[in-house]
Asks: 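Below you will find the structure I want to go over with you.
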There are 2 protein chains.
Amino acid sequence: MAQLPPVVARMWGREPVPRRGPRPRLDLAAITAAAIEIADAEGLAGVSMSAVATRLGVAPMALYRYVGNKDDLLIVMADSAVPPPPDPGGLTWRDYLAAWTRANRDILLARPWLLSIQGDTPPAGPQRLRWLDRALQALGETPLDDGEKFNTVTALTGYALTSATLVHATGAGGREGEAGIAGAAEYGEILAEVLDPQAYPTLSAMMSSGLLGRSEDWVEDADFTFGLDLLLDGVEALIRRRTRRRHDRK
Amino acid sequence: MAQLPPVVARMWGREPVPRRGPRPRLDLAAITAAAIEIADAEGLAGVSMSAVATRLGVAPMALYRYVGNKDDLLIVMADSAVPPPPDPGGLTWRDYLAAWTRANRDILLARPWLLSIQGDTPPAGPQRLRWLDRALQALGETPLDDGEKFNTVTALTGYALTSATLVHATGAGGREGEAGIAGAAEYGEILAEVLDPQAYPTLSAMMSSGLLGRSEDWVEDADFTFGLDLLLDGVEALIRRRTRRRHDRK
DNA sequence: ACCTGAACACCGTTCAAGT
DNA sequence: ACCTGAACACCGTTCAAGT
């Protein structure tokens with residue numbers, strides 16, 4: 001699952017260029033698109049090799065010419081399901097990274113099945129690396145070194161992912177008929193019933209004061225923005241420190 | 001997968017208390033322990049209902065008396081594989097949350113299969129909620145409101161998760177013979193070969209200047225600590241702002 | 001009440017064979 | 001070179017039957 005597989009080369013357009021033989025009826029892009037359609041409609045559980053093949057009008061074994069195994073297919077799906085990152089166009093690093101993180105989270109909310117794959121796979125495909133590139137680019141003008149930029153992006157990515165998990169899992173952003181708890185309120189009720197105030201003092205105090213009662217707010221911009229600003233404030237503080245130090249040396 | 005299932009009640013000790021009939025030869029704890037042993041040894045792929053049953057010396061169908069289905073079992077595993085959170089004992093909120101986040105990440109590094117489950121499941125079991133409780137408790141003395149505390153913890157959780165994913169996926173922390181890319185250096189090499197400097201200007205510039213060459217550092221304390229401090233600086237800035245405002249009102 | 005045996009409808013993946 | 005048909009060794013899950 002964590003192995004960076006040969007199929008990665010194909011993701012980057014390094015398709016073998018054969019001379020002879022019948023014209024291929026498939027390619028990696030068509031297979032991936034079919035698999036994504038199934039995942040969007042039925043979730044990851046619906047994505048079986050034979051379901052994908054059926055949708056393409058082909059025998060299941062035909063897929064193995066393009067994909068080493070099913071894990072390969074999942075990795076390719078997780079990359080190509082991601083749209084291009086927002087355009088940097090003239091934004092400050094802070095405004096851009098805010099938009100970038102929000103867009104990142106929105107993708108995960110629209111395609112929750114990505115959560116199950118991305119938590120396990122490093123960015124190695126063209127799309128996810130483009131996202132990484134743009135975020136690093138936005139920090140280009142700052143005095144941070146490469147490692148610091150990288151860790152900043154890691155923190156933002158993690159926040160987007162955890163927020164999306166929470167929203168999706170509690171069903172707060174849930175579309176009708178979707179898997180997930182009926183609502184954050186129900187989640188709260190279940191916890192309230194089960195939590196022992198002795199063992200979970202802070203959490204149960206918060207719950208009885210209504211934290212989780214109104215927790216559909218988790219999806220709302222205000223709440224997401226708060227945590228995001230927390231992170232960006234940290235970055236800004238660091239930049240200010242760095243800048244000051246440079247200035248001192250003059 | 002995201003459904004909060006009836007098995008949750010059982011996680012909380014709400015086992016049915018039967019009167020008559022043969023004494024049970026199994027219980028949820030034993031099943032979970034067996035499944036975790038398999039996951040530790042062979043990864044999540046090795047955890048099949050029949051593998052778990054075999055390890056317990058029982059027919060596979062016996063498990064269905066304790067667990068609704070396999071997804072249920074995974075949810076229970078993901079909770080009970082988590083050890084108790086660090087002890088708060090006299091630490092400042094900042095020191096405690098730093099230790100908490102680091103411990104969080106270390107668990108994920110020790111049991112990478114948790115990554116595949118936790119990215120998809122909200123905390124609903126006794127262990128993960130205990131972690132949540134302790135983190136909120138540490139923020140108890142600060143002037144943050146409940147929602148702010150909650151989002152702070154979300155951001156820290158996300159950072160731990162993404163850091164662990166990155167470390168694990170690039171194999172930087174890999175034990176011998178484990179799944180994963182052989183090393184971060186190899187990951188870098190693959191990317192270097194495939195990245196078009198035109199399409200990925202910042203990333204390829206960083207790579208040729210050696211960012212990913214020395215990227216085993218990702219695991220090292222220094223690098224992890226940097227991102228963590230970034231987050232905590234953000235929290236601290238917010239707390240300072242809140243405190244000042246209160247002071248002004250006097 | 002608890003566990004089992006047999007059975008069902010699937011999986012992912014292989015291999016030799018066809019064109 | 002590409003696709004297929006048949007086959008293999010598994011899955012998760014059901015149900016009726018045993019004690």
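Here is the naming used below: chain letters follow the sequence lines, and residue numbers restart at 1 for every chain. All values below come from the heavy atoms of this structure, side chains included, with hydrogens, waters and symmetry mates left out.
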Asks: If every non-hydrogen atom of Val52(B) is compared with every non-hydrogen atom of Ile31(B), which pair is closest and at what distance?
Replies: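 Closest pair (atom of Val52(B), atom of Ile31(B), distance): CG1-O, 4.0 Å.
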Asks: Would you tell me if any nitrogen or oxygen in the side chain of Tyr66(A) comes within less than 4.0 Å of OP1 or OP2 on dC3(D)?
Replies: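 Checking dC3(D) against Tyr66(A), a side-chain N or O does come within under 4.0 Å of OP1 or OP2.
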Asks: Take the protein atom CG of Leu74(A) and the nucleotide atom P of dC11(C), then report the distance between them rounded to whole Å.
Replies: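 So the two atoms are 14 Å apart, to the nearest Å.
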Asks: Should Ser50(A) be listed as having a side-chain N or O under 4.0 Å from OP1 or OP2 of dC11(C)?
Replies: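 For dC11(C), OP1 or OP2 has a side-chain N or O of Ser50(A) closer than 4.0 Å.
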Asks: Could you state the CE-P distance from Met61(A) to dA6(D), rounded to the nearest angstrom?
Replies: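 So the CE-P distance, Met61(A) to dA6(D), works out to 10 Å.
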Asks: Between Pro60(B) and Pro60(A), name the one whose nearest nucleotide on DNA chain D is closer to the 5' end.
Replies: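 Whichever sits nearer the 5' end wins; that is Pro60(A).
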Asks: Tell me the interatomic distance from Lys70(A), atom NZ, to dC11(C), atom P, rounded to whole angstroms.
Replies: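 Taking atom P of dC11(C) as the reference, NZ of Lys70(A) is at 9 Å.
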Asks: Check whether Trp100(A) reaches the backbone of Trp131(A) with its side chain - one donor and one acceptor, N or O, closer than 3.5 Å.
Replies: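 Checking the backbone N and O of Trp131(A) against the side chain of Trp100(A), a donor-acceptor pair under 3.5 Å is found.
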Asks: When the distance from CG of Asp72(A) to C1' of dT13(C) is rounded to whole Å, what number comes out?
Replies: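 In whole Å, dT13(C) C1' and Asp72(A) CG are 13 Å from each other.
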Asks: dC3(D) C1' sits how many Å from Leu63(A) CG, rounded?
Replies: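 Rounded to whole Å, this separation is 11 Å.
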Asks: Are side-chain heavy atoms of Leu26(B) and Arg65(B) found at a separation under 4.5 Å?
Replies: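 No, side chains not in contact.
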Asks: With no hydrogens and no angle check, is any side-chain donor or acceptor of Tyr159(A) less than 3.5 Å from a backbone partner on Phe224(A)?
Replies: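 Yes.
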Asks: When both hydrogen-bonding distances must be under 3.5 Å and the geometry is Watson-Crick or G-U wobble, what is dC10(C) paired with, if anything?
Replies: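 In the structure as shown, dC10(C) has no Watson-Crick or wobble partner.
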Asks: Please name the nucleotide paired to dC2(C) by Watson-Crick or G-U wobble geometry with both distances under 3.5 Å, or report none.
Replies: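 When the pairing criteria are applied, dG18(D) turns out to be the nucleotide that pairs with dC2(C).
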Asks: I want to confirm an ordering. Mapping Pro22(B) and Ala51(B) to their closest nucleotides on DNA chain D, which one lands closer to the 5' end?
Replies: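 Whichever sits nearer the 5' end wins; that is Ala51(B).
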Asks: Whole-Å distance between dA16(D) C1' and Arg65(B) CZ?
Replies: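 After rounding, the gap between these two atoms is 13 Å.
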Asks: Do any N or O atoms from the side chain of Asn151(A) and from the backbone of Gly147(A) form a donor-acceptor pair under 3.5 angstrom?
Replies: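 Between the backbone of Gly147(A) and the side chain of Asn151(A) there is a qualifying donor-acceptor contact (under 3.5 Å).
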Asks: Taking the side chain of Tyr64(A) as heavy atoms from C-beta outward, which of dG12(D), dT14(C), dT4(D) is closest to it?
Replies: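 For the Tyr64(A) side chain, the nearest candidate turns out to be dT14(C).
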Asks: To the nearest Å, how far apart are Arg25(B) CZ and dC2(C) P?
Replies: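 For the pair Arg25(B) CZ and dC2(C) P, the rounded distance is 12 Å.
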Asks: Classify the nucleic acid contact of Ala62(A) as base, sugar-phosphate or nothing, counting any heavy atom under 4.0 Å across all strands shown.
Replies: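 It contacts base atoms.
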Asks: In this structure, how many angstroms lie between the C1' atom of dT4(C) and the CG atom of Leu26(B), rounded?
Replies: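 Answer to the nearest Å: 13 Å.
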